[in-house]
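Proteins come first, then strands; the chains are lettered A, B, ... in the order of their sequence lines, and each starts at number 1. This structure is a prediction, so every number in the text was calculated from the model and none was measured.
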Amino acid sequence: MPIRVLNRAISQAISWSLCAIFPDNGPIPGLTRQSTCDRVEQVLQEAPALLILGLVGSWVAFVLAPVVTIGWPVPALLLSNAALDRHASKMASHPWYWLRQPMLMLKTVGGAIWGERPEVRIALGLQPFDSDPGTWRGDFEVQADSSMNNSGPS
Amino acid sequence: MSQGHHLAYRSGQPLSVVADYVVVGTGAGGSMAALILARAGYQVAMVEAGPWREAKDYPETMLGVMRDVFPDWGANVAVGNSILPIVQGRLVGGGTVINSAIMVRTPDDVLVEWQRDHGLGDLFSHDAVGRVQDEIERELSVEDSKVDAGAHFGRSSQMLLEALQGREMEAHPMRRNVKGCQGSARCLQGCRHGAKQSTQLNWIPEVLERGGTVLSCAPVSRVELKSGRAVGVIGRFVHPQTRVKGAHFAVEARRGVILAASATGTGPLLEASGVRSPALGQYWRAHPGAGVIGVYPDVVDMYKGATQGTASIHHRKDLGLKLESLTLPLELVAGRTGGAGRQLTGRLADIRHQAMWISAVRAEAVGRVKRGLFGAPSVYYRPTQRDLERLRKGVSLLARAHFDQGARSVRPGVVGLPFELGPDQLHLLQQAPLHNRAWTWVLSHLFGGAVIGDDPRRAVVGTDLQVYGVRDLHVVCAAALPTTLGVNPQHTIMAVAWLMAERLANQDRSGYT
Ligand SMILES: Cc1cc2nc3c(=O)[nH]c(=O)nc-3n(C[C@H](O)[C@H](O)[C@H](O)COP(=O)(O)OP(=O)(O)OC[C@H]3O[C@@H](n4cnc5c(N)ncnc54)[C@H](O)[C@@H]3O)c2cc1C
Ligand code: SF4
């Protein structure tokens, strides 16, 4: 399978869980599938392998955990919206640390994508962001200041 | 007339540079040492793992910060019986680009401890540190935050100041190295207003003006040792966005190699270079911190004001606590607010009514750092029971202060407690679980891993400033600090780096080899 197709499939899976963690609530917009998927895909392309591995592992935990959180032995993918919401909320405050940690990982990335959405920021009364420039300085030279002593003591 | 050069990522032919001194890392310690040596007339090459970014290059979003500013997208953590995120900057200027610009002088009791327990009295006397900290403050335009600056100071900081002073506790507007702070509460993303005096705006350009060289996007993989002497460094450029490896580089050092790769970078780099010492990677310490959010009936707007404006060291000596106001980006608040699903988005709806205050602990825990998988640092660190008790006291105190200021509720972020506590539930916080896993800690003040001291069993760097057993190899960043401070560290790191570089320059002049 070409890497692009795999990336898209993983992005779709992860964005589904992020949308469940950050859904609409009244006037506060949640994450939307399409734009979240695009952003996750970009993250997968740029992030180091360790982070991607952590994200995928956290998604797997999220999918398999309903049996522990709400006592339903089905993958989270098959839950109704209401049950999924309950599962997400229980997982986030579960007494097992190793269940909360994958949720924290998903929330960190989900929170970053949610909090940068212009619709969310406007709804919360915050300034929307410009895009990230992603730039840096290339080579340049500086003429040495002749008033400074550059001759060296050696 | 000589020229200064900045050499960024490149592929193709290997690059070699020769200088008197090579400084690895361009943060608080590295840029300071490079400047002092350049002013003494030496040719200095600085080698930095991250790229050179300026105001127009800074990211806006948190994902942008993770990609462009943090090492490995912020995946660095300390592991003990819990996972603690480590926040650092990986770009020219290091931590000075993303920190909150707070400048606190080295407390006298720390210098006394260094003298008494580590034999550092000659190097870091009260007078010497005071002298260079005066200079540093002048050069970096350090000033008291102005409470009457209204929105530029910020309501959250103002409320903390009033609350603590109302309890007759020491509290003060912070001293910061800023020129005309606009109160955009975005220090973590890098200051787009150019107000924060991070070192790539002043000291590093001066090194270039003095004929120095800066290599960026250039992580050093090893210090070259020959016959027990450090003679240079080698590595390979890495593209700042794709992380593709580029050309090899080698920097030859005629007089010495100075490591300033931070408390997570320097120990592992020494290890990779074949330096052996029982103290290498040991005595790794931190000021772990945790926050408590107060939710107010009125709008607070913590996003208007200095990222951090108020501090208190009232309980520094008895409890090792430092209390501060802090604004975290919405994206981080979202990730760290309890709950998930509709409950979570509902809890974030009142963000403009929230004020975040934090308590950091001068922790007694001692950890270690070593080279981990693929060369990334691996940190073992586990706050002790007493550290937790003290953190809990600090957070409880801040929660009380929130209620003094009229907060409707507080959100301590402690697992096992209700998400939100009212004024009559403070006793729950005072009895909160004393387990690291229950608390949301963050580590941003880090120390040790290659500490300086007069005993080679307990230190990596000797009082002659050289790594034990290796000539002309020095450490000038937070890795060298033998203890925590109980205050924000950059001023101390800068002063230590200044004094060490000054001593090196003087030793050279007097024929030291
Ligand atoms: C979010 C945040 C806020 C803070 N706020 C404050 C504050 O307001 N006041 C304060 O006093 N302190 C603050 N601190 C702490 C302070 O910034 C640090 O203590 C200080 O920058 C550490 O200085 P350093 O020289 O040890 O390392 P750094 O400043 O971290 O610099 C180390 C540099 O070395 C580079 N490097 C690492 N490995 C290599 C390698 N192999 N090759 C080449 N280069 C390498 C890194 O990329 C980095 O640029 C804050 C820290 C953070 C993260
Ligand atoms: S608060 Fe804003 S303007 Fe002030 S130093 Fe920080 S980033 Fe710059």
Side-chain angles (χ1 to χ4, degrees), chain A residues 20-28 30 39 43 46-48 50-51 54 84-86 88-89 91-93 95 97 100-101 103-104 107-108 110-116 121 124-126 129-146 148-154, chain B residues 1-8 20 40-43 51-54 56-64 66-68 72-73 75 82-83 205 208-211 216 240-241 243 254 303 329-336 338-346 348-349 351-352 415 437 508-509:
Chain A
I21 296 167
F22 288 94
D24 290 345
N25 188 338
I28 309 299
R39 196 66 166 117
V43 170
E46 294 176 342
L50 195 66
L51 193 118
L84 186 61
D85 198 57
R86 217 150 28 91
S89 151
M91 186 166 164
S93 56
Y97 184 69
R100 288 200 310 276
Q101 281 309 108
M103 177 51 98
L104 184 63
K107 275 173 70 177
T108 302
I113 298 177
W114 178 80
E116 71 181 25
R121 299 188 68 81
L124 294 174
L126 303 177
F129 288 138
D130 290 336
S131 56
D132 293 321
T135 50
W136 60 90
R137 296 191 80 178
D139 289 3
F140 63 89
E141 286 181 358
V142 175
Q143 203 61 47
D145 185 334
S146 56
M148 296 173 176
N149 165 26
N150 299 310
S151 55
S154 46
Chain B
M1 187 186 284
S2 64
Q3 275 181 328
H5 299 270
H6 168 241
L7 306 168
D20 292 325
Y42 293 105
Q43 267 194 338
W52 188 322
R53 296 187 204 266
E54 295 208 331
K56 66 175 175 41
D57 306 309
Y58 292 149
E60 285 263 309
T61 70
M62 207 51 223
L63 283 175
M66 287 162 76
R67 183 192 66 186
D68 295 347
D72 290 329
W73 278 64
S82 65
I83 299 173
L208 290 177
E209 281 166 25
R210 291 178 180 276
S216 66
Q241 199 152 359
R243 292 190 312 282
R254 287 186 288 248
Y303 296 104
L330 168 67
E331 300 109 295
L332 285 185
V333 177
R336 304 195 80 77
R342 285 170 56 79
Q343 177 196 52
L344 173 59
T345 25
L348 292 162
I351 187 79
R352 292 183 63 207
V415 176
R437 292 181 178 179
D508 267 1
R509 285 214 186 83

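With a threshold of 4.5 angstrom between heavy atoms, B:Leu344 approaches chain A through side-chain atoms but not through N, CA, C or O. The parts of B:Arg437 that come within reach of chain A are both its backbone and its side chain, each placing non-hydrogen atoms under 4.5 angstrom from that chain. Using a 4.5 Å cut-off between heavy atoms, B:Arg342 touches chain A through backbone and side chain atoms alike. At a 4.5 Å heavy-atom cutoff, the contact between B:Leu348 and chain A is made by backbone and side-chain atoms alike. The part of B:Ile351 that comes within reach of chain A is its side chain, from C-beta onward, which places non-hydrogen atoms under 4.5 angstrom from that chain.
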Query raised in the report: Hey, mind stepping through B:Arg53 and A:Arg137 against side-chain contact (heavy atoms from CB on, under 4.5 Å) and telling me if it holds?
Result: CA-CA 6 Å; B:Arg53 296 187 204 266; A:Arg137 296 191 80 178; over 6 Å; no
Query raised in the report: Can you list the steps and then say if A:Glu46 with B:Leu63 is a side-chain contact (heavy atoms from CB on, under 4.5 Å)?
Result: CA-CA 11 Å; A:Glu46 294 176 342; B:Leu63 283 175; over 6 Å; no
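Atom CG of A:Leu124 has more than 12 heavy atoms from other residues, nucleotides or ligands within 6.0 Å.
Ring-plane geometry between B:Trp52 and A:Phe140 is classed as perpendicular, the angle between the planes exceeding 60 degrees on a 0 to 90 degree scale with a lower cut at 30.
Expressed to the nearest 0.5 Å, how far CD of A:Gln101 lies from CD1 of B:Ile83 amounts to 4.5 Å. Once rounded to the nearest 0.5 Å, the distance linking CE of B:Met62 with CD1 of A:Ile113 reads 13.0 Å.
Taking each heavy atom of B:Ala340 and A:Ser89 in turn, the nearest pair found is O-CB, 3.4 Å. For the residue pair A:Ala88 and B:Gly341, the shortest heavy atom distance occurs at CB-N, 4.4 Å.
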